[in-house]
Protein chains: 2
Amino acid sequence: MSQTDTVSRILDAAEVLFAERGFTETSLRTITSTAGVNLAAVNYHFGSKKELIQAVFERFLTPFTRALEEELNRRIAEGVPLGVQELIECLYRVGLGSLGLEGKDPQRFMRLLGLAYTQFQGHLRRFIVSRYGDTYRRFAGLLAEALPGLDPETFYWRLYFMLGATIFTLSSHDAIEAILREDFGTRSSLPETLERLVPAASAMLKVDSH
Amino acid sequence: MSQTDTVSRILDAAEVLFAERGFTETSLRTITSTAGVNLAAVNYHFGSKKELIQAVFERFLTPFTRALEEELNRRIAEGVPLGVQELIECLYRVGLGSLGLEGKDPQRFMRLLGLAYTQFQGHLRRFIVSRYGDTYRRFAGLLAEALPGLDPETFYWRLYFMLGATIFTLSSHDAIEAILREDFGTRSSLPETLERLVPAASAMLKVDSH
DNA sequence: CACCATTTAAAACAAACGTTTAATTGTCGC
DNA sequence: GCGACAATTAAACGTTTGTTTTAAATGGTG
């Protein structure tokens, strides 16, 4: 078994298990036995559990961030100014695209993102901000440009409202979908939920509160 | 030290520590030493850690739910039909009021609510739904009445969007506030944040997506 | 073939965890 | 004051955790 094999097998197993149970609730022994590798392999390749957690996030956030940057460049090169709804659609579409490749489940990454914000892993938040903060600030800047006249403080609070609605909803998507399916008998896929989320989030950003 | 003393000292300590670090990351030893009681007191009075977690939630959710029910009764007795914005305002104001009594920090309860949804404590979610589900459904029903013409599925999804925006934002209120204070030099209190959240959440519920 | 990184196996490590036990203390009704 | 029961205490229980260490085996590269 080659190195890349062992490393990615560990990452695959950790990704799934972390998303299902959280970081503290997932032991290295569960990860390594799921991955079919030796227990010591984690500390050999990653150094520690903390660094393994960061590596899991790096593996999906780096392609996502790159894809978002490229999509923003492409849209800006067209010369058409980007509206609020278009920017949010862009964000979601890149997420569905870059995270849904290779049979990966986009919701799993949403669960992980949710964990990064709600579990108490200070090192992880610091890692994400330092690594991907620039792209986040660029996106926030474009969104602010599309909302002229809105005072910056209100804008940023609403940005967090939107972040909360997105992460919370999508990371619990399966659970919510199960409840609604029971009540209404209908199914709704992740793209359908995003179609509902885009206008709702846009309305929240654009509303005139006075 | 009387029984009520020990019990409420444990609940006080657990409430703060759970909100700060989460359930798994808070040990019974930390709780009992913070509370100044013996380690075995938790299992003696509550039975297990799971039941302690439930007791923490029961202590603040029961008065909150009762206060919300009473406020809804009061408003309905007035005969004036309740609008979307009024209902959301009502919810937040009751939260600020009933949870902010006795020097308690409303944000702490928001953090706990966030944990209840994002951490993996199946027993806790079941406990909350079975105990407080009726009031939740009553509030949702009133809100749906205030939004005639909106198809039920879209309504419920937006309800979750609102729940996410509220819980996510308020449970991270201190962290977000610190970031914005650094960027803008201004402060914003929890009531001020709620004043921003009410119109944003209302707009999200009311928007016509067609 | 020799080298070196990789992987495995097995074991041990100290630390932390939730829980239980048995003995002691405190308190209240009689 | 005494018996009964609730409450508190110190100590130990058995697991599980992340991590490290030893050794041997494996595999590809120069």
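Throughout, a chain's letter reflects where its sequence line sits, starting with A, and its residues are numbered from 1. Computation of the quantities below employed the complete heavy-atom set of this structure, encompassing side-chain atoms and omitting hydrogens, waters and symmetry-equivalent molecules.
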Could you work out which one of [options] sits closest to the side chain of [X]?
X	options	value
A:L28	C:dT20, D:dT21, D:dG18	D:dG18
A:R29	D:dT19, C:dT8, C:dG18	D:dT19
A:S27	D:dT9, D:dT20, D:dT17	D:dT17
A:Y44	D:dT21, C:dT6, C:dT20	C:dT6

Without decimals, in angstroms, what is the distance between [X] [atom1] and [N] [atom2]?
X	N	atom1	atom2	value
B:K49	D:dT16	NZ	C1'	13 Å
B:L39	D:dT9	CG	P	11 Å
B:F46	C:dT20	CZ	P	16 Å
A:F23	D:dG18	CZ	P	13 Å
A:D5	D:dG28	CG	P	11 Å
A:N43	C:dA5	CG	C1'	17 Å
A:L17	D:dT17	CG	P	12 Å
A:R9	C:dT8	CZ	C1'	13 Å

Ionic contact status for [Y] with [X], cut-off 4.0 Å:
X	Y	value
A:R66	A:E70	no
A:R187	A:E192	no
B:K104	B:E15	yes
B:R9	B:D12	no

> On DNA chain D, nearest-nucleotide positions of A:E25 versus A:N38: which is more 5'?
Replying inline: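 In this pair, the answer is A:E25.
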
> Contact class for A:T30 vs. all strands (heavy atom < 4.0 Å): base, sugar-phosphate, or nothing?
Replying inline: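 Contact class for A:T30: none.
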
> What nucleic acid atoms does B:T32 come within less than 4.0 Å of, heavy atoms only: base, sugar-phosphate, or nothing?
Replying inline: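 Answer is nothing: B:T32 stays at 4.0 Å or more from every strand.
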
> Heavy atoms, side chains only, cut-off 4.5 Å: are B:T62 and B:Y132 in contact?
Replying inline: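 They are in contact (side-chain heavy atoms under 4.5 Å apart), so the answer is yes.
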
> Is the phosphate of C:dA5, meaning OP1 or OP2, less than 4.0 Å from a side-chain N or O of A:H45?
Replying inline: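 The answer is no; no side-chain N or O of A:H45 sits under 4.0 Å from OP1 or OP2.
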
> When you check the phosphate oxygens OP1 and OP2 of D:dT8, does a side-chain N or O of B:T6 lie under 4.0 Å from one of them?
Replying inline: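 Yes, within the criterion.
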
